[in-house]
Amino acid sequence: MQFSDILLKWFHQHGRKDLPWQHPVSPYRVWISEIMLQQTQVITVIPYFQRFIARFPDVTALANARLDDVLHLWTGLGYYARARNLHRAAQIILQEYSGHLPDSAVDLISLPGIGRSTAGAILAISLGKPAAILDGNVKRALTRLHAIAGWPGEKAVEKQLWLLAERHTPATNFADYTQAIMDFGATVCTRSKPHCCSCPFQSECAAYSQGQPTAYPTSKSRGRLPIRQVRLLILKNVHGEILLEKRPPTGIWGGLWSLPECTMTEDIEEFCQRVYACDITHMLQKPNFRHTFSHFHLDITPIQMTATLNPSKIMDSATTVWYNRTETDARGFPAPVKQLLESLLEEPIT
Ligand code: SF4
């Protein structure tokens, strides 16, 4: 039996068929789910997907939304460039493709945030078109099945994996096969404890026969992550409102609403007076905590302060706002900032 036949047989017995983006299947819904599933597990994605689709049921709704609303629904999922790219891509699809996702890989890949594997998944799953995929789950399974050494992010290794992915893709039944290979990687050939005992490929898996399945895929060799430090200022005015700033559109936490930042060495009182024309009347250092990005740790020291304002300084603007709990308009927050605000306000921010 061919690889795809064995996999499809396994899929019909054990594959996932009740995921929210499978009912109904459409290019838009597969696109949103594929972007959310990058770097994120299914169990985490499901509620985010449901809220997102309820608010933005189609390309037009997403394209016409405020970026703040999109980022608000993304808060906690991380990798916010994904949400910014979705929003931008929806606007392009609305303008250039009358609101319908293009049905060719070349056109899909030209959109922000859509790579070759995501384009393949959209085409195969929603349109039943012939296309291979190579997401993280598939890379892991293929490196083990074929004992492919080398970090899959390296061009030469990735090229080899794409050839294998294409070779294994059958001549028909693309939608089921694509879902099957993703499910197989996510539920059988898992990252740290692959279920080799129940794997339909055990007898032909090269990594298993070597007795070391988890030696594949090869990790990227990198040293310890660098550590950066920052103080986040929880600046309250006499009404109990908290000062928020909108971050620049690109970079870390791009486009999200955050707390003012100050370096570890700056004089905070002088900083607040100079930048915000605030006099500090009370200051309290809260417990430090660490937030880890893919390429560095950020050690955060929150400083809570009460400020009296210079009335000549108008601070509400497109990028600065005094935030209070009764506000109803949605904003996207970085996870650690949301966590801090919730701890201050006691009740969750919705
Ligand atoms: Fe993965 Fe184990 Fe199956 Fe090999 S035998 S493909 S390592 S689950």
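Numbering of ligands and ligand atoms starts at 1, following listing order.
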Q: First locate atom CD1 of I303, then atom NZ of K286, and finally report the distance between them rounded to the nearest 0.5 Å.
A: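 Separation between the atoms: 10.5 Å.
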Q: Tell me whether the rings of F293 and W253 are parallel (<30°), tilted (30 to 60°) or perpendicular (>60°).
A: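 F293 and W253: tilted rings.
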Q: Please report the closest heavy-atom contact between A132 and W162, naming both atoms and the distance.
A: O-CZ3, 3.7 Å
Q: Between the side chains of R116 and E166, is the shortest nitrogen-to-carboxylate-oxygen separation below 4.0 Å, so that they form an ion pair?
A: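 Answer for the salt bridge query: yes.
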Q: For a quick check under 3.5 Å, do W257 and D68 share a side-chain donor-acceptor pair by atom type?
A: yes
Q: For a salt bridge (Lys or Arg N to Asp or Glu O under 4.0 Å) with D299, tell me which candidate from R231, R228, R290 qualifies.
A: R290
Q: Under 2.8 Å from atom 4 (Fe) of ligand 1, protein N/O/S atom count?
A: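 My tally for this metal is 1.
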